[in-house]
Chemist: 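One structure follows; several queries about it will come next.
Excluded from the calculations below are hydrogen atoms, water molecules and symmetry mates; all remaining heavy atoms, backbone and side chain alike, are included. Worth saying up front: this structure is predicted, and the values here are computed from it rather than measured.
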Amino acid sequence: MGVITKSPRGNLSFSIVVVLVFSFTFIVLLYTERINLLSSTTVFNSKSCVKRGYSKSTKNLIQDERNATEENRLKSILDDRFIFEAGECNTARGKWVYNQSFEPLYTDLSCPYLDRQVSCVKNGKPDSDYRRWEWQLDGCVLPRFDAKLALEKIRGKRVMFVGDSLQRGQWQSFVCLVEFLIPKDQKSMRRGRVHSVFTIKDHNATIEFYWAPYLIDSNTDVQIIGDPKKRILRVDSIEKHAKHWIGVDVLVYNTYVWWMTGTKIKSLWGSFANGEDGYEELDASVSYRIALKTWANWIDSNIDQNKTRVFFTTMSPTHQRSADWNNKGGMKCYNETKPIMKKGHWGTGSDKRIMSVVRSVIGKMKVPVTVVNITQLSEYRVDAHSSVYTEMLGRLLTDEQKADPMKFADCIHWCLPGVPDTWNQIFLASL
């Protein structure tokens, strides 16, 4: 599935071991919250004939001229890919290509708006090659992120990212991808526990983040409950959050990782009167479907599609089990330095049932929703998580904690700059 309103089908259940590993990790982590040239076999290959009697230097000049001419001819020929067009390009099909000369538009040292949780190099990560991999689509050409274009696209608009800490990472990425072009006296940041706003004064624009890890209401929205077993979701209620989304020009949603803390979710209809009374334990995918329908109904009832664009970012995969990519001696994502190259790799950190729910619910909505499919491309990037170069409970990991990656490595969140920049590359191309 690309940037369309479809998602792949399928089922993938979690093993008992994975659930146990997830339980510990989530309790702690969630609490802290181009066009190619034709190959050498092309029909444009030609033989060079050099007349006798020419000096060596003359022969070289003629050969250089012919080589240059041939190179220009090849450069002028497009391959069978076409320029990116939302709805036509499948962002799930492609490969990560290493580009030594590629430099990100920002670093965790140059952008002042990054959380320590995602500032991996600043936190001591010894390698930075994970920043130089580019996602190359099979069927079309994905344009690089153009900061000037992005600023023009959002001029006079409110852009709001809504969701969990992964969505907060995408928000921070987008801010950092454009902020370096803005004069200091024309930008400001206001951070809040729930709602944060980056303002661009001379563009009359804002790039905002709204914390709603389940999108719908729960008892762990602000005062986070560390134990997933004590969390209760009000699956038919969303107004507490949604009233803050009214009037926004571009809404970008996500919700996934908080649903994966166990096989059952305590789901409640009606109010939270008398605390935990009235809840029902449902399978995660069932509760997710009910909640997403609540969100979809609100969108259809409250959003004017002529004034507001709605996007939905698919699930961000986790890499908690190194056996998924045949590294049986590995320690989750720790010490991984290259993407997984196996085409179509799919690990236990991505639940295809959730992808199926997203596809079916969004496919029935009246308001068009652009699905930004980042799951498959992110599945390959086992090398790009914050791992042990992060913070936990508000503090950077100690040397003792770093020495125990099986317990402390964060294989959920992503380093910045990094993979979320590619998410925003797709988002901008679709905007």
Chemist: Once side chain to side chain contact (heavy atoms under 4.5 Å, CB included) is applied, do any residues pair with Met331, and if so which ones, sequence neighbours excluded?
Modeler: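 Once residues adjacent in sequence are excluded, the partners of Met331 under the side chain to side chain contact (heavy atoms under 4.5 Å, CB included) criterion are Tyr334, Pro405, Met406.
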
Chemist: What residues, two or more places apart in sequence or in another chain, satisfy side chain to side chain contact (heavy atoms under 4.5 Å, CB included) together with Val197?
Modeler: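 Partners of Val197 by the side chain to side chain contact (heavy atoms under 4.5 Å, CB included) criterion, ordered by chain and then number, come out as Arg190, His195, Thr199, Thr206, Glu208.
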
Chemist: Got Asp421 and Tyr106 here, is their nearest side-chain heavy-atom distance under 4.5 Å?
Modeler: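 Of all side-chain heavy-atom pairs linking Tyr106 with Asp421, at least one is under 4.5 Å.
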
Chemist: Only counting residues at least two apart or in another chain, list the ones meeting salt bridge (Lys or Arg N to Asp or Glu O under 4.0 Å) with Lys402.
Modeler: none

Chemist: Using ring-ring contact (aromatic ring centres under 6.0 Å, His included) as the criterion, list what pairs up with Phe102, not counting sequence neighbours.
Modeler: none

Chemist: Scan side-chain atoms only and decide if Gln100 and Tyr98 contain a donor-acceptor pair under the 3.5 Å cut-off.
Modeler: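 Distance-only check passes for Gln100 and Tyr98.
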
Chemist: Can you pull the ring pair (Phe, Tyr, Trp, His ring centres under 6.0 Å) pairs that have at least one residue in residues 108-128, sequence neighbours excluded?
Modeler: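 Of all non-adjacent pairs touching residues 108-128, those that pass ring pair (Phe, Tyr, Trp, His ring centres under 6.0 Å) are Tyr113-Phe198.
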
Chemist: With a 3.5 Å cut-off and sequence neighbours excluded, list the donor-acceptor pairs that the side chains of residues 241-251 form with protein atoms.
Modeler:
residue : atom : partner : partner atom : Å
His241  : ND1  : Tyr210  : OH           : 3.1
His241  : NE2  : Asp221  : OD2          : 2.9
Asp249  : OD2  : Arg158  : N            : 2.8

Chemist: Taking only residues two or more places apart in sequence or in another chain, which ones pass side chain to side chain contact (heavy atoms under 4.5 Å, CB included) with Arg193?
Modeler: Val222, Gln223

Chemist: Under the side-chain hydrogen bond (donor to acceptor under 3.5 Å, both in side chains) rule, collect the residues that match up with Asn254, sequence neighbours excluded.
Modeler: Asp164

Chemist: Can you find a side-chain donor-acceptor pair between Thr314 and Asn373 that sits under 3.5 Å?
Modeler: yes

Chemist: Return the set of residues passing side-chain hydrogen bond (donor to acceptor under 3.5 Å, both in side chains) with Glu103 (not counting sequence neighbours), or none when no residue passes.
Modeler: Arg132

Chemist: Which residues pass the side chain to side chain contact (heavy atoms under 4.5 Å, CB included) test with Ala150, not counting sequence neighbours?
Modeler: Phe145, Phe174, Val178, Leu428

Chemist: How would you list, by chain and number, every residue that makes a side-chain hydrogen bond (donor to acceptor under 3.5 Å, both in side chains) with Asp115, sequence neighbours excluded?
Modeler: Gln172, Arg191

Chemist: Suppose we screen for side-chain hydrogen bond (donor to acceptor under 3.5 Å, both in side chains). Which residues come up paired with Ser101, at least two apart in sequence or across chains?
Modeler: Asn99

Chemist: Taking the side chain as every heavy atom from C-beta outward, state whether Asn219 and Arg231 have any pair of such atoms under 4.5 Å apart.
Modeler: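 When only atoms from C-beta onward are counted, Arg231 and Asn219 do touch, with a gap below 4.5 Å.
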
